[in-house]
Amino acid sequence: MKKQILTGVFGAAMLTVAASAASAATLDDVKAKGFVQCGVSTGLAGFSAPNDKGEWSGLDVDLCRAVASAIFDDPNAAKFSPLSAKERFTALQSGEVDMLPRNTTWTISRDTALGLNFRAVNYYDGQGFMINKKNLPDITSALQLSGAAVCVQAGTTTELNLADYFKANNMQYNPVVFEKLEEVNAAYDSGRCDVYTTDQSGLYGIRLTLKNPDDHMVLPEIISKEPLGPAVRQGDDQWFDIVSWTHFAMVAAEELGVTSANVEEMKSSANPDIKRLLGTEEGGKLGENLGLTNDWVVRIIKHVGNYGEAFERNVGSGSNLKISRGLNALWTKGGLQYAPPIR
Amino acid sequence: MASTDISGDRGSASASWFYDPKVRGIVYQVLVFAGLVALVWWITSNTIENLHRANIASGYDFLNSRAGFDIGQTPVDYTSDSTYGRAFIIGMINTVIVAFAGVLTATIVGFLVGLGRLSHNWLIRKICMVYVEIFRNIPPLLVIFFWYFGVLSVLPQPRDSVDLPLGAFLNNRGIFLPRAVWGEGAGLIAIAILVAIVAIFLVRRWAWQRQMATGQPFPVLWTSVGLLIGLPLLAFIVTGFPLTWDIPELGRFNLRGGLQVKPEFLSLYLALSFYTAAFIAEIVRAGILGVAKGQTEASYALGLRPGQTSRLVIVPQAMRIVIPPLTSQYLNLTKNSSLAIAIGYPDLVAVGGTVLNQTGQAIEVVVIWMVVYLGLSLGTSLFMNWFNAKMALVER
């Protein structure tokens, strides 16, 4: 705990004297040190958590590994800093991390007043509620929650949405606020509060870590828009482009049917869209314009896979979470995942 | 002739001002001060420039914007529509509440344990020693965790609350006490209490003067107790018993009504009190042992009984040794209350952390934290210095 506070304060101190170094071209810094430093959550299943081998894995982690692959052709040229909700922005602003793929909601105030930039959204989420249905069998809707004690993580958009939702529906509640996710989980699991609220994807992940997952139920209401995406510092457009287009390239690859299994044979495809994407087009230099090599997408797909593969592996049917694509399906399949043209 | 020449040369100021220790001292001080000012100026301007370059908004304007989040314990009015500034005030009040309650309990427990360590009874002496050695040698954070996870979070769910006497309940949401609801005329009772306090002061002064003049003692203690209980009781009867109790009862989620003391506050309060009490006990023991044995013997020789000896001779002298280190313990307790963040008690640091994250104003928030804790500590020090001066030996 103390260490966490220290990191925050130390980050603020770094900001006072050392921020000048961080505003230089991030890509050059990253190349010089040989790895990408990514700020991730302190452990959210499906997005960023250490797996049974002790390696970081998840949808957010894969985005970081994709950026590392595009630059170094090596998905392991990425290091991860677990950050609490409170520390995350200071860590990014002060240059402690290069990018922040940390299930962070894109809002206008974060985009402007915090000096950050958001563009790609790698998971469209919404806030939900989870209750213990064994203790509260007669509750079927969030509108019945007046008077409840609600567990929530400090300093999140969740905390704000919660206040707005209960106020708008004229209901009372008793906030029980912790700084770290594990503390919120423990408090909910021990019965300190009746309700757990966070992004719905998070609720499904957290449910699996509780003592008796089957006792708990996620209520149907979604009370907010939570577009989660990687944040970078303002003022370095090249790095901003690399991070955003890495995500877009993964989406475009899924759209064009390029997967980690078939990327090598797709290199000889005659389809002009695929040729542009994979950098096999005659005289094309889309990758070089980004400051990378022309085969940057090949590297990403080879090591990490396309967006659909990453989704299914981490949060979808290939994982314990079994979340359906829903809003995160491709735009051609009724979802919101849409990549601008790569040309 | 030659020798006078030499001494004349030595005395001339123009040759030796550089070697004059006074002048050098001033020069060095001016240089150090200028260096310090330059350093502060450099850090400040560099920070402002870097914040500007990183496009981060700065300044304290954010304190007037809507906070948008709720706080678990609000001693004064606060809703999500209040400002960030008000959220800080709530956090500060919560810090003061837990620090004040902690200081009070730690002092009482500490004095009892400290006296217990000097008891003639073997069992009491050893129990107090074990207590001191355990709590003094465990980090305060672990003591907080012990109370929060070890004691309070294993209590039953609200449905299976433990019934305590007098309509109180205990469960993993805290302690629920009946709340006193005062009816009409309750103001008279408050006035009666005030009158009693003033009367006690007057009686004490009169009794002291009388004892100085005639040597006759007066039972001040019993008179005071009588006044403090009798007057409010009289007011209570006269106004027709204007008191009802709001007793907590089970609602859908939790007990409703009554007065809820939350587990976050309880564990922090208990942990800080018991942790600091161990140190205070040692300070008190040192203070009492620090009074020379001859004082006790002289007092007995004058014919004072053991109770009077400790009350009139030992304790007043021990207090002079005890108060200065006691101040440090009070400051420690206040600062340790920032460990509240580990269990989610909404103190200044916890609320400030939320504000920091919602607004991103890291430097501003850290400055507020530092200024408030500095203010609280200096305030405590000032009070304790005043108290110390009052308790100091008055020579006649």
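Quick caveat: nothing in here was measured; it's all calculated off a predicted structure. Heavy-atom basis, side chains included; hydrogens, waters and symmetry copies ignored. We name chains A, B, ... by the order of the sequence lines, and we start the count at 1 in each one.
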Quick one: what part of [X] sits under 4.5 Å from any heavy atom of chain A, side chain, backbone, both or neither?
| X | answer |
| --- | --- |
| B/Gln260 | side chain |
| B/Glu49 | neither |
| B/Tyr148 | side chain |
| B/Ala67 | backbone |

Counting only heavy atoms not in [X], do more than 12 fall under 6.0 Å of its [atom1]?
| X | atom1 | value |
| --- | --- | --- |
| A/Ile108 | CD1 | no |
| A/Lys134 | NZ | no |
| A/Lys225 | NZ | no |

>> Using a 4.5 angstrom heavy-atom cutoff, name the option from B/Gly344, B/Gly360, B/Ala350 with the most pairs to chain A.
In response: B/Gly344
Let me know if [X] has heavy atoms under 4.5 Å from chain B in its side chain, its backbone, both or neither.
| X | answer |
| --- | --- |
| A/Leu160 | both |
| A/Thr107 | neither |
| A/Ser190 | both |
| A/Asn135 | both |
| A/Tyr173 | side chain |

Between [options], which has the largest tally of heavy atom pairs under 4.5 Å with chain B?
| options | answer |
| --- | --- |
| A/Ala187, A/Ala113, A/Ala154 | A/Ala113 |
| A/Glu159, A/Arg192, A/Lys167 | A/Arg192 |
| A/Asp164, A/Leu162, A/Leu145 | A/Leu145 |
| A/Ala163, A/Gly191, A/Gly115, A/Ser109 | A/Gly191 |

> Which heavy atom of B/Ile341 sits nearest a heavy atom of A/Glu179, and at what distance?
Replying inline: CD1-OE1, 3.5 Å
> Yes or no on side chain to side chain contact (heavy atoms under 4.5 Å, CB included) for B/Asn357 and A/Arg88, after CA distance, side-chain angles and deciding distance?
Replying inline: CA-CA 8 Å; B/Asn357 197 40; A/Arg88 54 185 165 178; 3.8 Å; yes
>> Does anything in residues 71-86 of chain B reach chain A? List residues with heavy atoms under 4.5 Å apart, or say none.
In response: B/Ile71, B/Gly72, B/Ser80, B/Asp81
Taking side chain as C-beta onward, heavy atoms only, is [X] less than 4.5 Å from [Y]?
| X | Y | result |
| --- | --- | --- |
| B/Arg173 | A/Asp194 | yes |
| A/Ile139 | B/Phe253 | yes |
| B/Glu264 | A/Val176 | yes |

> Say you draw a straight line from CG of B/Asp70 to CD of A/Gln172; how long is it, rounded to the nearest 0.5 Å?
Replying inline: 9.5 Å
> Roughly how far, to the nearest 0.5 Å, is the OG1 atom of A/Thr90 from the CD atom of B/Gln361?
Replying inline: 10.5 Å
> Does B/Gln358 use its side chain to pair, donor to acceptor, with the backbone of A/Thr156 at less than 3.5 Å?
Replying inline: yes
